[in-house]
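Just below is one structure, and these are the notes that go with it.
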Amino acid sequence: MQLEDIALTMVPGLGIKGIVHLLECFGSAADIYSRPLRDLVHQARLREDVARNVYTHETLGRAEKEMNYCRKHHILPVASTDPEYPQIMRETPDYPHVIYVNGSLDVFSKHTLTMVGTREATTYGRQMCNDLVRDLGERIPDLCIVSGLAFGIDAAVHRACLDYDVQTVAVVANALPSVTPVEHSALADDIVARGGAVITELHSQTKQNGSLFITRNRIMAALGYGTLVVESGASGGSLATVNFADGYNRTVMAVPGRVTDRSSRGTNMLIRNRKAQLVLSADDIVSEMMWDFDLPSKPVFTDKSREIYDSLLPVEKELLECFGDSDTLSVNDLAIQSGLNIGDLSAHLMSMEISGAVRQLPGNIYEKLLHAE
């Protein structure tokens, strides 16, 4: 990140796509600022007034002020030419050249899914968020779910991620470190504390206006390999996110609802018009995203064993997978394969023994009692 990167985003009249165009012409913000006026006008074909706004370097002072602001508030600015920048977002035609991050950058290298929905979420919608996040977290080890921190479905998605140890990214339409809505400040803090991130493309000198929420939605769509709408009315921001995702050739999915529910009119219409794939379960998402090709097969148990398996915690299901084709394993082998310390391992094995998933044999050996068909 260089001072010129932030300065470029502050040039009057340039715009998001104008910045993308200049980067394609010259490679970096520093190179752009080193060019003579004639190159900006003739080679990049900028309007002369916009080219002069770049050439005079007037925004470098504002950029320095912004860098100081970021240092003061522990905000990390990341340019599209930096290696830490989300590669998936770099593939879109209107990516933001600079994003401001509060939290971890590691989340951008994971299997990312965008989940959005109405602010007027129903009990059904919140339950679907909970169930889908829980089941996806069990299937996808390096899952990250992106949403917008808004009331309703967005908040339900983020909270489900925190409940099931799934990393999550919140994209906000305001400058950090504050968030909108302010009522979700504690939720944003929890997201960061648990290894996620809160991001924005807006610097602290941005003049707020209502249109920023729509442009924010393009970032949510750009960060996900697919976009899932859980509930949506006949219009609203979720459908705008879908339009962006479709324009980026990303997978679009929707959870159906009752035809009489206002909160499901948008999702039902997306499915009916074949703009979104119908999703009934986490397995539908995994299949649609083709994430199942590099995942271990989910065990299929007999009806008698299914209830026991479903009652296990995610870590206990992973312990069961450690057995592989073997019926027995020692505690030491289980500790090595699972990475758990002996204390935690013993507690989980006791719980699994009570459930009927395993039983202890002499010599600290455990036998797997659940077998796939």
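Position 1 is the first residue of the sequence; numbering continues from there.
Taking the side chain as every heavy atom from C-beta outward, Glu201 and Thr215 approach each other to under 4.5 Å. Leu187 has its side chain within reach of Leu149: a pair of non-hydrogen atoms, C-beta onward, lies under 4.5 Å apart. The shortest distance between side-chain heavy atoms of Leu223 and Pro86 falls below 4.5 Å. Taking the side chain as every heavy atom from C-beta outward, Phe26 and Leu40 approach each other to under 4.5 Å. Counting only heavy atoms from C-beta outward, the side chains of Ser330 and Asn364 never approach each other to under 4.5 Å. Residues Leu370 and Leu320 meet the side-chain proximity criterion, which asks for heavy atoms closer than 4.5 Å. Residues Ile32 and Val54 are in side-chain contact: their nearest non-hydrogen atoms beyond the backbone lie under 4.5 Å apart. Side-chain contact check for Leu349 versus Leu334: some heavy-atom pair is nearer than 4.5 Å.
Listed by first and then second residue, the side chain to side chain donor-acceptor pair (under 3.5 Å) pairs involving residues 249-273 are Arg258-Asp261 (not counting sequence neighbours). Residue pairs meeting the salt bridge (charged side-chain N to carboxylate O under 4.0 Å, His left out) criterion with at least one partner in residues 111-134, sequence neighbours excluded, are Asp131-Arg134. Judged as a salt bridge (charged side-chain N to carboxylate O under 4.0 Å, His left out), not a single pair has a partner in residues 60-76 (not counting sequence neighbours). Here ring-ring contact (aromatic ring centres under 6.0 Å, His included) pairs that include residues 215-260, with residues two or more places apart or in two chains, number zero. Among pairs with a residue in residues 57-80, those fulfilling ring-ring contact (aromatic ring centres under 6.0 Å, His included) read Tyr33-His57, Tyr69-His73, at least two apart in sequence or across chains. Evaluation of the side chain to side chain donor-acceptor pair (under 3.5 Å) test over residues 156-165, restricted to residues two or more places apart or in two chains, returns Asn130-Tyr164, His158-Thr168, Asp165-Arg194. Listed by first and then second residue, the ring-ring contact (aromatic ring centres under 6.0 Å, His included) pairs involving residues 78-107 amount to none (not counting sequence neighbours). Among residues at least two apart or in separate chains, there is no salt bridge (charged side-chain N to carboxylate O under 4.0 Å, His left out) pair with a member in residues 17-33. The side chain to side chain donor-acceptor pair (under 3.5 Å) contacts involving residues 177-193 comprise Asn174-Thr180, where partners must be two or more places apart or lie in separate chains. Among residues at least two apart or in separate chains, there is no ring-ring contact (aromatic ring centres under 6.0 Å, His included) pair with a member in residues 331-354.
The hydrophobic clustering, which links ILVMFWY residues whose side-chain heavy atoms are closer than 4.5 Å, places Leu270 and Leu278 apart. In the hydrophobic clustering of this structure, Leu228 does not group with Met269; members are Ile, Leu, Val, Met, Phe, Trp, Tyr whose side-chain heavy atoms approach within less than 4.5 Å, directly or through other members. No path of Ile, Leu, Val, Met, Phe, Trp and Tyr side chains, each step under 4.5 Å between heavy atoms, connects Ile365 with Met352, placing them in separate hydrophobic clusters. In the hydrophobic cluster analysis, where Ile, Leu, Val, Met, Phe, Trp and Tyr join through side-chain heavy atoms closer than 4.5 angstrom, Leu369 is grouped apart from Ile308. Placement of Phe151 and Val171 in two distinct hydrophobic clusters is found when ILVMFWY residues are connected by side-chain heavy-atom separations under 4.5 Å, directly or transitively.
With hydrogens and angles left out, the side-chain atoms of Asn243 and Asp246 include no donor and acceptor closer than 3.5 Å. Inspection of the Asp284 and Ser287 side chains reveals no N or O donor paired with an N or O acceptor under 3.5 Å.
Here SG of Cys322 is found 7.5 Å from CG of Leu329. Values are rounded to the nearest 0.5 Å. Distance check, rounded to the nearest 0.5 Å: OG of Ser109 to CD of Gln87 gives 12.0 Å. Between the CD atom in Glu231 and the OG atom in Ser238 there is a gap of 10.0 Å [rounded to 0.5 Å]. Taking CG of Leu312 as the reference point, atom OG of Ser351 lies at 7.0 Å (rounded to 0.5 Å). The distance from the CG atom of Leu76 to the CD1 atom of Ile199 is 11.5 Å, given to the nearest 0.5 Å. Cys25 SG to His21 NE2: the interatomic distance, rounded to the nearest 0.5 Å, is 3.5 Å.
Salt-bridge formation is not detected for the pair Lys368/Glu321: no Lys NZ or Arg NE/NH1/NH2 atom is positioned less than 4.0 Å from an Asp or Glu carboxylate oxygen. Ion pairing of Arg52 with Glu48 is present here, as a side-chain N (NZ or NE/NH1/NH2) and a carboxylate O approach within less than 4.0 Å.
In this structure, the side chain to side chain donor-acceptor pair (under 3.5 Å) partners of Glu367, at least two apart in sequence or on a different chain, are Arg359. Applying the side chain to side chain donor-acceptor pair (under 3.5 Å) test to Ser104 and every residue at least two apart in sequence or in another chain returns nothing.
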| query | How far apart are the C-alpha atoms of Thr112 and Ile88, what are their side-chain angles, what is the distance that settles it, and do they pass the side-chain contact (heavy atoms from CB on, under 4.5 Å) test? | reply | CA-CA 9 Å; Thr112 51; Ile88 185 173; 4.2 Å; yes
| said: side-chain contact (heavy atoms from CB on, under 4.5 Å) for Leu361 and Tyr366? Distances and angles first, verdict last. | reply: CA-CA 6 Å; Leu361 301 176; Tyr366 279 84; over 6 Å; no
| task | Please step through side-chain contact (heavy atoms from CB on, under 4.5 Å) for the pair Ile16 and Asp94, ending with a clear verdict. | result | CA-CA 6 Å; Ile16 295 165; Asp94 52 358; 4.2 Å; yes
| Can you check side-chain contact (heavy atoms from CB on, under 4.5 Å) on Ser80 and Val98, steps first, answer last? | CA-CA 6 Å; Ser80 63; Val98 175; over 6 Å; no
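Residues Leu319 and Ser338 approach most closely at CD2-CB, 3.6 Å, considering heavy atoms. Shortest non-hydrogen contact noted between Leu162 and Ile191 is CD2-CA, 4.1 Å. In terms of heavy-atom proximity, Ala240 sits nearest to Asn217 at CB-ND2, 4.0 Å. The shortest heavy-atom contact between Thr227 and Leu113 is N-CD1, 4.4 Å. The two residues Cys161 and Ile145 have their closest heavy-atom pair at SG-CB, 3.8 Å. Between Val192 and Gly103, the shortest heavy-atom contact is CG1-CA, 3.8 Å.
When each of Asn53, Thr59, Thr206, Leu60 is paired with Met10, the side chain to side chain contact (heavy atoms under 4.5 Å, CB included) condition holds for Thr59 and for no other. Of the candidates His111, Lys110, Gln167, Asp142 forms a side-chain hydrogen bond (donor to acceptor under 3.5 Å, both in side chains) with just one, namely His111. Of the residues listed (Leu280, Val229, Leu132), the one engaging Val255 in a side chain to side chain contact (heavy atoms under 4.5 Å, CB included) is Leu132, and it is the only one.
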